Amino acid sequence: VPAPPLGEKMFFEPNIDPDKLDYCPFLKHEPFRAQEEFARHIRRSFGKDIIIIRWCQGPYGGSMVASYDVDEFLHSKEFDILCAQPNYNRRTPGVACGVRLPLASFHKNGKIYINEFDLRTWAGSAGETELRVVGLSNAIDPIMWASIHRKVAGQMIANNMGWWYLDMANGWFEPPEIVSDIAGVMKTVNKIELNAQNKFTPSAALVIDGDGMTMRNFGGHYYSTHDQVMLGDQQQLLAGSAVPFDSYFMNDLLADPKITEKYQTLIFAGMYHIDSKRQKFFQNLRNRSQSLVFLSGCGYLGGLKETFDLNLKELSRPNSHEIQSMNGINHVSLLHTKALANSTGAKPESHMLPPRLSLEQKTGMLVHAVYTQDKAPAIAEIPFGTGKVIYICEPGGLTPEYFNLIVKESGGYVASTTGGFQADMNGSFLSLHCLRSGTYTIQLPFETEVINLKNGRKIPSANKSFELNAEVGSTYWFELKK
């Protein structure tokens with residue numbers, strides 16, 4: 001079934017393209033089913049309990065090799081663990097490095113995630129060009145190593161997941177400083193795991209619609225930046241917001257809607273078709289004072305009008321993706337899509353980039369940002385029952401600062417009201433990776449004793465907060481003791 005060129009069609013429509021909507025999930029899911037058959041045979045052949053691990057390539061990254069079958073993995077009885085690796089470029093100190101996988105859904109379905117630390121170091125870079133080692137976030141000294149190591153390890157500790165070290169150069173981790181640092185991190189892990197945890201649930205959750213993601217016409221080009229911008233890079237922006245958040249697949253929320261009761265802010269991604277099942281799900285949220293945030297493209301294939309009385313439209317291909325803030329909100333003017341266009345060499349009007357979407361204005365709509373080209377709404381808010389709906393029309397347009405503001409206004413928890421960090425935490429552990437130097441007031445979700453894990457000293461805290469003088473590129477670990 002030939003897929004139309006990307007320029008002709010961004011999404012396949014359920015009523016018009018049923019054959020292609022069959023074929024795209026087949027392309028992405030059938031290889032996993034073959035893996036399942038191998039795993040089933042291996043498990044049966046061993047005749048005893050074994051653990052089976054599978055690899056995951058760049059989930060929702062837009063390329064033909066990117067994994068779109070993680071939802072299938074979570075509900076498989078044959079696999080126990082999924083392994084992937086942190087983004088190469090984003091390992092660098094001073095850059096947020098989020099996980100694209102919905103780890104809360106992993107916990108719900110009894111699966112384990114292992115992050116593969118193939119971290120490059122000065123000990124194994126002989127013969128590499130300078131440009132290549134920079135692009136791979138090569139640690140050039142022990143200080144840089146420690147920051148990278150703690151950023152990615154802290155994220156796994158906070159999410160109660162694991163990692164392993166992969167030495168691809170026969171010597172990356174041999175320097176004594178690295179050996180000592182790995183031992184120190186593992187000692188910290190053991191200490192944290194032994195201590196009883198305070199109860200902590202983030203105030204926000206990202207919800208990925210795995211079914212919707214396969215409605216995209218990703219077959220029209222080997223590498224489509226659409227998904228990279230609309231989900232992959234967007235998750236990295238959220239990681240830099242100083243807001244801890246959970247991440248789920250939509251199918252888990254449909255199966256257990258009570259999950260939503262724990263959160264004040266819910267962000268929906270990849271829900272390109274809001275079908276009757278999803279419409280009913282949202283109607284049941286009307287009587288909650290929650291902020292429902294929809295990322296670009298949600299409802300493109302229908303259901304937005306029936307559910308929220310919103311009309312989504314596609315605008316002309318732009319000269320730029322610049323947006324302008326409204327209503328005194330100064331946090332939404334991030335030219336993320338334009339920046340990606342510059343980095344990929346694609347022109348803003350190119351079909352290699354997602355289109356500009358907008359909403360028809362209506363009574364009661366509060367427009368927070370417009371496109372500078374034609375003043376069409378780029379970010380808008382409407383009341384929904386006792387809560388509200390915020391629609392991010394611009395692809396990749398939910399900035400870290402605006403996400404922080406939404407969560408704060410919803411009465412939720414943020415580690416820093418002024419951002420500046422990647423914040424990963426659970427009830428007994430807090431990891432802060434500094435993205436902008438300064439003196440910060442770090443908020444705590446509950447009264448607790450705070451221990452600096454670098455030196456074991458108690459940090460003075462009052463009113464559920466403490467002061468931190470942070471340097472960009474540094475990672476700070478704290479124990480939260482009952």
Side-chain angles (χ1 to χ4, degrees), residues 7-16 209 212 215-217 226 229-231 234 266-276 278-283 285-286 290-329 331-338 348-349 351 353-399 402 406 409:
E8 292 181 13
K9 210 160 198 175
M10 186 170 72
F11 296 99
F12 295 133
E13 300 178 51
N15 298 329
I16 300 175
D209 195 328
M215 294 179 173
R216 283 272 300 103
N217 175 18
H226 289 207
V229 174
M230 297 167 82
L231 183 57
Q234 179 65 83
L266 294 167
I267 308 157
F268 296 91
M271 192 180 291
Y272 302 131
H273 183 218
I274 305 176
D275 60 12
S276 58
R278 287 161 175 75
Q279 291 175 33
K280 183 180 178 181
F281 169 86
F282 287 117
Q283 289 305 322
L285 301 183
R286 287 190 67 92
Q290 291 173 308
S291 296
L292 308 181
V293 183
F294 291 87
L295 299 184
S296 184
C298 286
Y300 184 97
L301 296 174
L304 202 60
K305 173 70 174 176
E306 295 82 349
T307 313
F308 304 110
D309 195 27
L310 289 173
N311 290 313
L312 189 66
K313 58 183 179 180
E314 185 173 338
L315 302 177
S316 61
R317 286 282 166 175
N319 296 321
S320 79
H321 276 263
E322 293 185 24
I323 62 176
Q324 173 186 345
S325 302
M326 308 289 286
N327 304 316
I329 297 177
H331 301 302
V332 295
S333 295
L334 183 72
L335 311 183
H336 180 60
T337 313
K338 181 182 179 184
E349 65 272 18
H351 290 287
L353 293 174
R356 293 184 310 146
L357 301 178
S358 187
L359 293 169
E360 292 182 7
Q361 296 202 42
K362 53 174 284 187
T363 303
M365 178 182 287
L366 191 61
V367 177
H368 291 313
V370 297
Y371 293 104
T372 57
Q373 181 173 334
D374 46 25
K375 306 304 179 185
I379 298 176
E381 175 187 323
I382 62 164
F384 181 64
T386 57
K388 60 185 177 183
V389 164
I390 299 172
Y391 198 101
I392 312 294
C393 304
E394 165 66 357
L398 180 53
T399 68
Y402 190 39
I406 291 170
E409 290 184 343

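Everything numeric in this text was worked out from a predicted model, so none of it was measured.
In this structure, the side chains of Y402 and I379 come closer than 4.5 Å at one or more pairs of heavy atoms. The closest side-chain heavy-atom distance from I406 to I267 is not below 4.5 Å.
In this view, K280 and N284 satisfy the side chain to side chain contact (heavy atoms under 4.5 Å, CB included) rule, not counting sequence neighbours.
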Requested in this report: Take H273 and E13 through the side-chain contact (heavy atoms from CB on, under 4.5 Å) test and state the conclusion after the steps.
Outcome: CA-CA 9 Å; H273 183 218; E13 300 178 51; over 6 Å; no

Report task. I would like to know whether L310 and F294 meet side-chain contact (heavy atoms from CB on, under 4.5 Å); could you show each step before the answer? Result -> CA-CA 12 Å; L310 289 173; F294 291 87; over 6 Å; no

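In terms of heavy-atom proximity, L231 sits nearest to A269 at CD1-CB, 3.6 Å. L315 and A376 get closest at one heavy-atom pair: CD1-CB, 3.7 Å. Scanning all heavy atoms of the two residues, the minimum distance from I323 to A369 falls at CD1-CB, 4.4 Å. Here the closest heavy-atom approach between residue Q290 and residue L285 is recorded as OE1-CD2, 3.9 Å. Looking at every heavy atom in both residues, C298 comes nearest to L312 through O-CD2, 3.8 Å. Minimum heavy-atom separation, Y371 to P395: OH-CD, 4.5 Å.
When atom types are taken as modelled, the side chain of Q279 and the backbone of I274 share a donor-acceptor pair closer than 3.5 angstrom. Judged by distance alone, with hydrogens and angles left aside, the side-chain atoms of K362 form no donor-acceptor pair with the main-chain N or O of I382 at under 3.5 Å. Side-chain atoms of S358 do not come within 3.5 Å of backbone N or O of A378 as any donor-acceptor pair.
Residue pairs meeting the side chain to side chain donor-acceptor pair (under 3.5 Å) criterion with at least one member in residues 380-391, sequence neighbours excluded: H368-E381.
Relative ring orientation between F268 and F281 is described as perpendicular, the plane-to-plane angle rising above 60° on a 0-90° scale split at 30° and 60°.
A distance of 14.0 Å separates CZ in R278 from CD in E306, rounded to the nearest 0.5 Å. For the atom pair NZ of K305 and CD of E360, the computed distance is 8.0 Å after rounding to the nearest 0.5 Å. With rounding to the nearest 0.5 Å, the separation of CG in L266 from CZ in F282 is 8.5 Å. Put simply, CG on L295 and CG on L357 are 11.5 Å apart, with the number rounded to the nearest 0.5 Å.
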